[in-house]
Amino acid sequence: MMYAASRYTEAKLAPICRELFDDINKDTVDFVDNYDNTMKEPRLLPVTFPTILCNVTTGIAVGMASSIASFNIKELCETTIALIKNPEHIISDTLIAPDFVGGGYIIYDKEELEKIYATGRGTVKVRSKYTYDKFYNCIEVTEIPPTTTSEAIIDKIIELVKANKIKEISDIRDETDLKGLKITIDLKRGVDPDALMNRLYKSTPLEDAFSCNFNVLIDGAPGVRGVREILNEWLKFRLNCITRRINFSLSKKRNQLHLLKGLSKILLDIDKAIKIIRETKSESEVVPNLMIGFGIDETQAEYVAEIKLRHLNREYILKRIKDIEDFENDIADLEKTLSSKTRMKKIIISELENVISRYDTGRRSQILYEVPNEIVLTEPETPDYPVTMFISAGGYVKKIKTANLRMSGEQKVKEGDKIVNEVECSNKDNVLVFTNKQQVYKAKVDDFQDTKASVMGEYVPAKLNMDDGEEVSCVVVFAEYKGYMIFMFENGKIAKVDLQSYETKTNRKKLINAYSAKSPLAAALYLPEDTDIVICGSNERKLLINTASVLPKTTKNTQGVQAMTLKKKTDRVVSVHLYQEGEFEKAWRYRPKNLPALGALPSAGDLGEQLTF
């Protein structure tokens, strides 16, 4: 099996990565076996600054999750230095707020930030950064929150435009390139860009909250910890790294000093050393003979024996012996440092200051201490003017201003289609669209564009994103959720549903189980109040009833009550319409047997006697 090419397995590290690996070869951290026990890998990295709070870190494990915000490297190092000098230091004095690589604006909330610093939990609101290009009349969003993407923002804005909630945008596109992120929003003429952005902040991910959950592993145990506790734990870890580094250097210098002291004894008689080596018959006896001749140990004798012949001169040996004093001074200094925590803390402070001087690039996320427009943000009021809705049998709807109807000609429809309903209403009214799959879609009259008689209108299934194969069964226009829906089924049953059953507190656009699926729907009517209706059967019989005789239900998919008795299996109800005075040459009501008053309306249980006209 061949290994993958290096372009897949190697990565170029940034200069700051030196602070992660610099002392790794000085026994500063423990090494463990890798996944197949063929190599060793560090359990932790000997970082010189608290990197855990410098990067956005999110992860999910079994039964737990972690979400750590990133902070500015300068502010973080200054806070750590302040904590070293004063353990009671107030974190928020130096650590102002998180700082995300994507920039944006941090909406400053001191109480929430102090809660995060203390407990490790809380939320940080991040707002996108934008500029307005007056020449092209467009908004350019260049920085977004870390919790979203440009695709998610664009999709949400498109959704709002399609739902007719945002009307000020003519186009939106992603112009991200090698120079950086850019979302361009083209505006219609006369639009206030700041007011529009304030609305978009409220309804899209252009403003989002980063949820903080500082769940970290310390000594193998997970726990949610505040910034102070995390920094204190890092200080303990760093002190241990420095202690191990000093011990490593101390051991190395002591060994070197030991060798040099052995070399200094050779200086007393170089000729003797050469003579011992020259006259020794066996190579294995060179070291023992040197040990006996100069009173040095085996390690020192090995070192002397390995010196090249060209170095066995007084000048070379004198130069090396001069280093003895330097090593002794270094060892004394390291031992002094090792016994003093204060000196080791000064080393940490020096390293942190070095990190600030090398890698500080300033804040990327600017801080908003005040948001003046946040309270007054409201959606624009829907314009109110009289319109007429034309509804076709094929599912097309067009809205024409009532004032323009005088100048309109014949209503254009698709070939084979026809206008089945004409409703005078207000542009602010509501629309319910019932489909053949027992679903209802909610909309506003304002969601449909003003048009004219010469166009076919908007195709409702496409306009409301209906499911595949769904067709329009009934379109209802009304001002308020008052009145009733009458559903007449082919099996002769009638259901009366209170219109308030379709009103929802949340802004849902689609409701399932809008009416019963037990029998095919013959017709549906919206009635603001009870009135006379005529039920037409396939057997040429008609039934005249008043809807007050049918009890209303709050359950949308109620099966209803039997209104027309079907004598044959092939009989069915074909339509329902409002009764018109003089509709029949001879029309009368009958008195059911269980109602004493002449002319009283029949109840739902007495609708079995049909009248033929």
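It should be emphasised that the depicted structure is a prediction, and the values quoted were computed from it without experimental measurement. Positions are given from 1 along the sequence.
Side-chain atoms of Thr504 and Lys442 form a donor-acceptor pair, as typed in the model, at a separation below 3.5 Å. At a cut-off of 3.5 Å, with distance as the only test, a side-chain donor of Thr176 or Asp174 sits close to an acceptor on the other residue. In this model, no donor atom of one side chain and acceptor atom of the other lie less than 3.5 Å apart for Tyr132 and Asp192.
Using cut-offs of 30° and 60° for the angle between ring planes, the Phe71 and Phe214 rings count as perpendicular. Using cut-offs of 30° and 60° for the angle between ring planes, the Phe434 and Phe487 rings count as perpendicular.
Checking each of Val534, Ile533, Val576 against Ile545 for a side chain to side chain contact (heavy atoms under 4.5 Å, CB included) leaves exactly one that passes, namely Ile533. Among Arg189, Lys188, Arg199, the one residue that satisfies the side chain to side chain donor-acceptor pair (under 3.5 Å) test with Glu168 is Arg199.
Taking OG1 from Thr58 and CD1 from Ile68, the interatomic distance works out to 9.5 Å, rounded to the nearest 0.5 Å.
Salt bridge annotation for Glu159-Lys156: present, with a cationic side-chain nitrogen under 4.0 angstrom from a carboxylate oxygen. The pair Asp530-Lys496 meets the salt-bridge criterion, with a side-chain N (NZ, NE, NH1 or NH2) lying under 4.0 Å from an Asp/Glu carboxylate O.
Note that Lys401 lies in the cation-pi zone of Tyr385, set by a 6.0 Å cut-off to the ring centre and a 45° limit from the axis.
In Glu503, the CD atom is crowded: over 12 heavy atoms of neighbouring residues, nucleotides or ligands sit closer than 6.0 Å. Surrounding NZ of Lys167 are more than 12 heavy atoms belonging to other residues, nucleotides or ligands, all under 6.0 Å away.
Contact between Glu112 and Gly122 at its shortest, heavy atoms only, is OE2-CA, 3.2 Å.
The closest donor-acceptor contact from the side chain of Arg363 to the backbone of Pro98 lies under 3.5 Å.
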